[in-house]
Structure formats: C-alpha cells, structure tokens
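Here the structure is laid out as structure tokens; the discussion comes afterwards.
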Amino acid sequence: MSEPRIRRTSSSQSGSSPSESFRTKASPSGLIRALAAFVIALSLVLTGCTAGTAGMGSGTNDPAGTSGSAGGSAPYLAYSPCCSWGTTWSNNPYNVNGLSNILNNFVLMPLAIPKYPSLTEYVPQLAESWQARNGSITLKIRQAAKWEDGTPVTSKDVYDTAILDATRGDAFWNDITKIDTPDQHTVVFTLKKGQPVALAQSDLFGMITYPSSVYGKFVTDQLESDVVSYWTAYQKDPDKASKMPEFKRMGKTFKKVASYEVDKVIGNGPFKLKNITTKEAKMPKSATFWAADKIKIGGLDYTNGDTTVIYPQMFSGQTDMSNVYMPPPILKRWKNTENAQLALPLAFGFAMGFNNHKYPLNIKEVRQALAYVIPREQISNAAYGTEAGAGGTWKEVNTGISPSLEKLYLPQDKINKLNKYPVDPAKATQLLKSKGFTKKGDTWITPKGKPFKLTFLVNSATSDIVTSFNSAAKALTAFGIKADVNATSGAQQDADQHKGDFDIGMYFVGGNNPLGMYAAMLGPGNNFSSAGNYADTRGLGFGPTMNVPGLGEVDVPKTIDKQTRSVAPGPEMNKQVWNWAQLVNDEVPYIWYSTKVYQFPYSTKNFTNWPPVDKNNTSPLWDIIGANLSGGLSLALQQGYITPKAK
C-alpha cells in the first residue's frame with residue numbers, strides 16, 4: 001500500500017463526452033493523489049463506457065423493481081449520463097470497481113450538498129443540521145433517515161465509515177483530530193488547531209455513509225487507535241508518518257475492506273439498486289427514504305452507454321435526461337426535436353499551459369505575445385460553433401478562474417484593470433522585437449538564430465480541444481510562428497506534461513474554490529510536483545520562485561498549495577484571489593481560453609415540472625446539477641420537481 005495521499009471528495013459526477021473524460025479537478029497537489037486503488041476506481045468512471053442499447057424508455061415499469069417500492073406504478077425516469085460503469089463492477093464502494101457513480105446521491109447519501117458555487121452554503125442531506133464552535137463541527141443525523149432494510153441511520157454508521165475512509169486517505173482526515181458520537185444521532189468532529197471551518201466542511205460534507213451492519217466488522221479498537229495516531233503524525237510530517245507501523249496495519253485493513261464481497265447494496269437514499277447489467281441499472285424508489293412522498297417518479301432507469309448510444313435514444317424519446325455533449329450538428333437537431341429542452345450551466349475551464357521553463361517560452365514577453373496572437377474567441381467557436389447553447393464560451397479576460405467565481409471574488413472594477421489581450425499582431429510584434437526576435441520573410445527567428453516553432457500537445461480523444469488547438473496553431477503559423485498539433489493518447493499527453501516535455505499543453509480547471517483553481521495549475525499537482533507518481537518533475541515549470549503581487553518573492557507551488565488548505569472564504573481569500581489574478585494575467589503561465597457550458601438535454605414528452613431556467617438557461621438548482629449531476633438531480637426530485645405527465 002502506497003502512502004494515502006489525501007483524497008479530496010469531489011462533488012462533480014457529470015461527464016458528458018470523451019472530450020470531458022480527462023479533466024483535472026482543482027485540488028492542492030499535495031492532497032490530490034489518493035490510494036492507487038481509488039485512482040483506478042476513478043478511471044473506471046472516466047473510461048468505462050460500454051456501447052449497450054437500453055431501449056427502455058420512460059413509462060416502462062420494472063415488475064420486479066416496483067414491488068416494495070414507494071413508486072407503485074409511477075413511471076421510471078430514463079436517465080442516460082454518458083459512460084457510467086464498465087463491464088465489471090462491485091457492490092463494495094471501497095473496491096476498485098465500486099459503483100460510486102450510480103450509488104452516490106441516489107442510493108447512498110452525503111452529509112450535505114454544496115450550493116455551487118458557494119464555499120459556505122449547503123443543502124442538508126443525511127446531516128439535518130450542524131454547528132461549528134470551539135474548534136469542532138457537530139452534526140445532527142436526520143432522525144427520519146433509514147436504511148432500506150428499515151433500520152435507522154445512526155452516528156455509528158457515520159463513525160465507522162469515517163474510520164474506514166481514513167485507510168484510503170480521504171481529505172477530511174487532514175482537517176480533524178478525532179471523532180466522537182455522544183448519542184445515536186450526534187457526531188462531533190474535532191478540528192486540528194487553526195483549521196478553517198469552511199474548508200473542513202467542504203471536505204467533510206461530501207462523505208458518503210455506509211452501513212455499519214456491513215462494514216462495521218472491520219472497525220476494530222486497533223484500527224481506531226492506528227487511524228488517530230497515523231493522521232496526527234501525518235499532519236506534522238507525511239513522510240515520517242508513512243514509516244509508522246500504524247500505517248502498515250491500516251494498509252492491510254484497507255486491502256481486506258476493498259476485497260470484501262458484498263452481495264447487496266443497502267442504501268439510505270431515494271432509490272434502491274434492484275438489478276444491473278452492462279446496459280442499465282434498475283433503481284426503484286425507496287419507501288424508507290425520508291422524502292419519499294416528495295418524489296413523484298417510480299424510479300430511475302439508469303442506462304449506460306456512450307454518445308453513439310445516447311443520441312438515438314434522445315431523438316427517439318427513449319431518454320428523458322442526459323448530460324451528453326452535443327456538437328453543433330447534434331445540437332441543431334435536438335433543438336428541432338419535439339419536446340426537447342436544454343439547460344446550460346457553466347462548468348469547468350479549458351486552459352492551454354505554456355512550458356514556462358523551456359526556451360523561449362520562459363520569457364514573459366514571449367508568452368504575452370502569444371496571448372495577443374492566439375484568437376480565443378475564434379478557437380472556441382471552431383470547436384463549439386456559434387449556435388446558442390453550444391458547448392463552450394470563450395473567456396475574454398485571463399484571470400485564471402471561472403466567470404462564476406469571478407462574480408464572487410473579483411469585483412468588476414478590478415477585472416477592468418487587467419489586460420484583455422485582444423488579438424493584436426502589432427503588439428505581439430513589438431513584444432517579440434523587444435526581446436531580440438527578428439522576422440525573416442514570413443518566419444520569426446529567435447535570438448539564438450533558430451526559427452520559432454511550437455507544438456500543441458493534446459489528448460487525441462478530446463476532439464473539441466484538438467479542434468481548438470488546430471485553430472490556434474493555424475493562427476500562430478499565419479503570424480510567422482510555425483505551429484502544429486501533436487494529438488496523442490491521454491496517458492502519453494499527461495505524462496509528457498508532468499515531465500515538462502512539451503511546448504503548449506491542455507488542462508482542465510474546475511471546482512468552487514478559486515484558490516483551488518490556481519492551485520490546479522500552479523500548485524504541485526502540475527507545477528514542480530512534490531508527491532505522487534510525478535514527484536520531482538517540473539510540469540508547467542512556472543517559477544518555482546516568483547514575485548507575486550501582494551506576497552513578494554515566494555515559492556509559487558508551495559504557497560498556493562498551502563493557501564488552498566488554509567485560507568477560508570472572506571476578505572483574506574478575496575485578497576489572495578486578486579494577488580494571483582494579477583500574477584496570471586501579467587505573467588501568462590497559462591491561458592484560460594474557453595469555459596465549458598454543460599449541456600443538459602431533457603425532454604418534456606413523459607415528464608413535466610422540470611427545474612425552471614432563467615434567461616441564461618440555468619438557475620441555482622441547475623448550477624448545482626452542473627457541478628454535481630447526481631446530487632443536483634437528487635435534490636430536484638426531493639424538492640418535488642420532475643413529475644409524470646398525465647396520460
């Protein structure tokens with residue numbers, strides 16, 4: 001067992017196309033690499049599409065599934081998110097083939113769901129209420145919460161889950177020092193000294209609780225002692241902690257838990273997992289769920305397949321809702337389909353990162369010149385078209401964070417002070433000449449006497465980014481910088497970028513923590529890695545020591561990594577966001593060129609009363625769905641949305 005680098009619980013579950021299967025979540029790099037088994041489990045979600053055909057449309061009831069459910073004869077919602085599981089799976093969430101994408105938020109509930117993009121507001125789920133005081137967070141477990149076998153969900157279930165989560169390195173164990181359960185429905189998490197409550201809640205509330213009746217046998221007195229001892233040491237010195245005997249014993253326990261065969265999933269959520277094949281999972285409504293009376297559908301017909309399967313289902317009315325990416329021709333056809341609707345919350349960002357250590361990209365003025373040449377609007381339109389509801393929208397100001405978070409953390413008057421880098425060949429020419437570049441005919445020559453050439457590195461499966469990068473390369477070539485695109489495998493692209501063997505690479509930036517977004521690019525996950533598989537590699541090669549506005553000369557990856565784990569929402573976070581925005585805008589270590597617009601196609605053929613949308617085709621609830629597909633959809637159903645049409 002390798003050292004359990006902390007696993008950040010992620011709320012985002014919505015993948016919609018091969019072009020989105022390789023995104024990087026915004027997390028501090030010292031914390032983003034979990035146990036190898038967990039990483040493999042995530043990869044199953046990203047690559048496990050099977051081309052099955054479900055053919056089970058709305059209104060189709062599962063005779064076996066409806067018996068004992070609270071749904072009676074109510075129709076099932078045909079739900080088709082892309083590529084959710086592979087050809088093998090396990091009912092054990094600790095197993096490498098666990099079904100977290102299907103189970104979380106539908107069958108097994110988190111403590112609370114964040115109100116994206118806020119870092120401080122949550123919708124209660126398994127935790128009915130909570131209070132933070134005196135260095136602790138006290139949760140009250142919902143007294144109406146029951147497992148589907150009718151037994152109550154108790155503090156012991158939460159406690160045992162937390163102890164077992166510690167063996168795989170879940171993030172909240174870097175926030176806390178101990179857990180107490182004073183009664184059946186109360187759990188008290190004691191925070192480590194100085195840990196901001198908001199950041200601890202962000203890690204804690206995403207925890208999915210499993211039944212002690214199934215997994216409690218692994219929680220021994222020895223394990224409880226080992227977990228506290230190890231994590232106390234880890235918070236002071238991770239390297240020393242990994243040499244402790246407690247660590248080794250935890251590893252052995254984790255292997256036992258992960259290999260445990262679970263015959264049946266016992267859930268506490270709105271649905272039950274009745275049966276599953278490679279093509280679909282039948283999930284009838286659970287009568288024991290605390291808000292069963294609010295849920296109007298009979299269950300979920302959760303189908304599994306890639307875009308080639310989902311598109312025909314959408315157009316034929318067999319699918320009621322999906323998150324599948326629709327390129328311009330498919331989008332146009334969908335808009336002309338009867339009963340077709342579309343929600344469009346903003347999601348994550350597409351960034352092109354420069355190899356800041358490689359000549360001549362190690363020169364700031366060169367990176368600035370490239371920003372004046374690369375036509376961000378044009379390359380975004382090349383990939384997504386100009387049709388309303390297209391898959392991406394170009395970003396005008398390179399602040400380094402998403403438009404959604406800019407509204408919360410960067411006042412417009414500050415954004416107005418930043419350079420927009422409009423397409424301006426004259427300014428690019430001036431910048432290059434100021435650093436000794438010359439132009440010979442139609443080709444720029446570096447001060448070393450060599451033609452200025454660049455290669456964009458891209459995952460060949462991300463067709464939209466390949467298109468964007470081809471468009472950018474064409475613009476650079478027309479300007480006199482010979483540019484081409486190397487479209488290779490995702491594994492090769494990722495390895496080359498981490499090793500610093502590239503010119504311009506592709507990156508995804510997401511999440512709801514603005515400092516986490518900066519850390520995703522400038523922290524040790526992608527920039528001077530210090531842990532995990534790519535320890536001691538250069539990656540983006542920015543710095544590591546730079547003069548950051550407001551901070552002075554600092555080690556960039558270490559500083560932003562620390563801030564992400566220690567700076568809570570408030571004036572200090574706003575101040576630091578502005579510092580990093582100025583740095584990214586001036587130094588241009590990367591360009592956030594487009595923001596993904598999540599397309600959520602849904603049909604009113606069989607169901608009505610969908611969550612409403614505003615003039616931008618989104619809403620607070622759709623924003624949650626955009627950040628956390630299963631969690632947001634679960635909330636919508638709990639709030640009484642999505643009701644069968646009268647026949």
Side-chain angles (χ1 to χ4, degrees), residues 349-380 394-402 406 410 414-435 437 444 446 452 454-457 468-469 472-473 475-476 479 481 483 497 500 502-509 514 517-523 526-528 538-551 554 556-557 560 577-595:
F350 294 119
M352 58 177 67
F354 300 118
N355 187 338
N356 291 260
H357 199 272
K358 184 176 182 180
Y359 181 82
L361 294 171
N362 60 334
I363 303 171
K364 177 177 77 170
E365 288 78 6
V366 170
R367 301 192 299 269
Q368 291 176 331
L370 296 177
Y372 279 118
V373 176
I374 295 172
R376 300 186 302 283
E377 183 175 17
Q378 176 182 309
I379 69 176
S380 183
W394 77 287
K395 197 169 192 304
E396 186 175 16
V397 184
N398 189 34
T399 63
I401 61 174
S402 70
E406 286 173 356
L410 288 174
K414 289 191 173 181
I415 294 178
N416 292 342
K417 296 177 182 179
L418 300 177
N419 192 341
K420 291 184 177 180
Y421 293 100
V423 176
D424 193 333
K427 285 189 177 180
T429 297
Q430 181 183 9
L431 284 164
L432 291 177
K433 286 185 175 180
S434 74
K435 304 309 291 186
F437 287 73
W444 280 99
T446 72
F452 190 2
L454 292 171
T455 295
F456 288 82
L457 180 64
S468 294
F469 279 13
L476 288 175
F479 177 68
I481 300 172
Q497 288 183 187
F502 72 104
D503 294 336
I504 305 175
M506 55 169 281
Y507 299 85
F508 300 105
V509 190
M517 286 189 172
Y518 291 118
M521 293 299 296
L522 304 180
N526 285 311
N527 188 38
F528 294 101
R538 188 183 301 121
L540 204 65
F542 183 67
T545 301
M546 296 289 295
N547 191 335
V548 180
L551 296 176
V554 298
V556 169
I560 188 59
V577 169
W578 174 234
N579 290 339
W580 294 105
Q582 293 176 86
L583 177 79
V584 169
N585 185 260
D586 181 57
E587 290 283 347
V588 199
Y590 61 92
I591 296 176
W592 183 312
Y593 65 90
S594 184
T595 302

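Since we're looking at a predicted model, the values are computed, not measured. Numbering of residues begins at 1 and proceeds along the displayed sequence.
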Is Asn526 reaching over with its side chain to a backbone N or O of Leu540, donor-acceptor style, under 3.5 angstrom?
no

Suppose we screen for side chain to side chain contact (heavy atoms under 4.5 Å, CB included). Which residues come up paired with Thr545, at least two apart in sequence or across chains?
Glu553

Only counting residues at least two apart or in another chain, list the ones meeting ring-ring contact (aromatic ring centres under 6.0 Å, His included) with Trp444.
Phe479

Test of understanding: with side-chain hydrogen bond (donor to acceptor under 3.5 Å, both in side chains), list the residues that count as partners of Ser380, not counting sequence neighbours.
Ser594

Which residues share a salt bridge (Lys or Arg N to Asp or Glu O under 4.0 Å) with Glu396, sequence neighbours left out
Lys420

Of all residues at least two apart in sequence or in a different chain, which pass the side-chain hydrogen bond (donor to acceptor under 3.5 Å, both in side chains) check with Asn585?
none

Could you give the distance from CZ (Phe469) to CE (Met352), rounded to the nearest 0.5 Å?
5.0 Å

Determine whether the side chains of Asn579 and Tyr518 contain a donor N or O and an acceptor N or O closer than 3.5 Å.
no

Restricting to side-chain hydrogen bond (donor to acceptor under 3.5 Å, both in side chains), what partner residues turn up for Asn356, sequence neighbours left out?
Arg367

Could you pull out all residues at least two apart from Lys364 that satisfy salt bridge (Lys or Arg N to Asp or Glu O under 4.0 Å)?
Asp586

Set of side chain to side chain contact (heavy atoms under 4.5 Å, CB included) partners for Ala483, sequence neighbours left out
Phe456, Ala473, Leu476, Thr477

Can you confirm whether Val584 sits close enough to Trp592 that some side-chain heavy atom of one is under 4.5 Å from a side-chain heavy atom of the other?
no

Nearest-0.5 Å distance, CZ of residue Phe452 to CG of residue Leu370
5.0 Å

Separation between OG1 of Thr399 and CE of Met517, rounded to the nearest 0.5 Å
9.0 Å

Donor-acceptor pair, side chain of Asp503 and main chain of Leu454, under 3.5 angstrom
no

I'd like to know if the side chain of Lys395 and the backbone of Ile401 have a donor-acceptor N/O pair within less than 3.5 Å.
yes

Could you check if a side-chain atom of Leu551 sits within less than 4.5 angstrom of a side-chain atom of Trp580, using non-hydrogen atoms only?
yes

Hey, are the side chains of Tyr372 and Pro422 touching, using non-hydrogen atoms and a 4.5 Å cut-off?
yes

Distance check, rounded to the nearest 0.5 Å: Met546 atom CE versus Leu583 atom CG?
6.0 Å

4.5 Å side-chain heavy-atom contact, Arg376 and Asn398:
no

Can you check whether Val366 reaches Tyr359 side chain to side chain, under 4.5 Å on heavy atoms?
no

Could you check if a side-chain atom of Phe350 sits within less than 4.5 angstrom of a side-chain atom of Ile379, using non-hydrogen atoms only?
no

Tell me the salt bridge (Lys or Arg N to Asp or Glu O under 4.0 Å) pairs involving residues 538-551, sequence neighbours left out?
none

Identify each donor-acceptor pair in which a side-chain atom of residues 424-433 lies under 3.5 Å from a protein atom, sequence neighbours left out, and give them as a table.
| from | atom 1 | to | atom 2 | distance (Å) |
| --- | --- | --- | --- | --- |
| Asp424 | OD1 | Ala426 | N | 3.2 |
| Asp424 | OD1 | Lys427 | N | 3.2 |
| Thr429 | OG1 | Pro425 | O | 2.8 |

Tell me, do Ile591 and Tyr421 make a side-chain contact under 4.5 Å, heavy atoms counted?
no

Check side chain to side chain contact (heavy atoms under 4.5 Å, CB included) between Pro544 and all other residues, then give those that pass, not counting sequence neighbours.
Phe528, Asp555, Pro557

Sequence neighbours excluded, which residues qualify as ring-ring contact (aromatic ring centres under 6.0 Å, His included) partners of Tyr590?
none

Could you tell me whether the side chain of Leu410 reaches within less than 4.5 Å of the side chain of Trp578, counting heavy atoms only?
yes

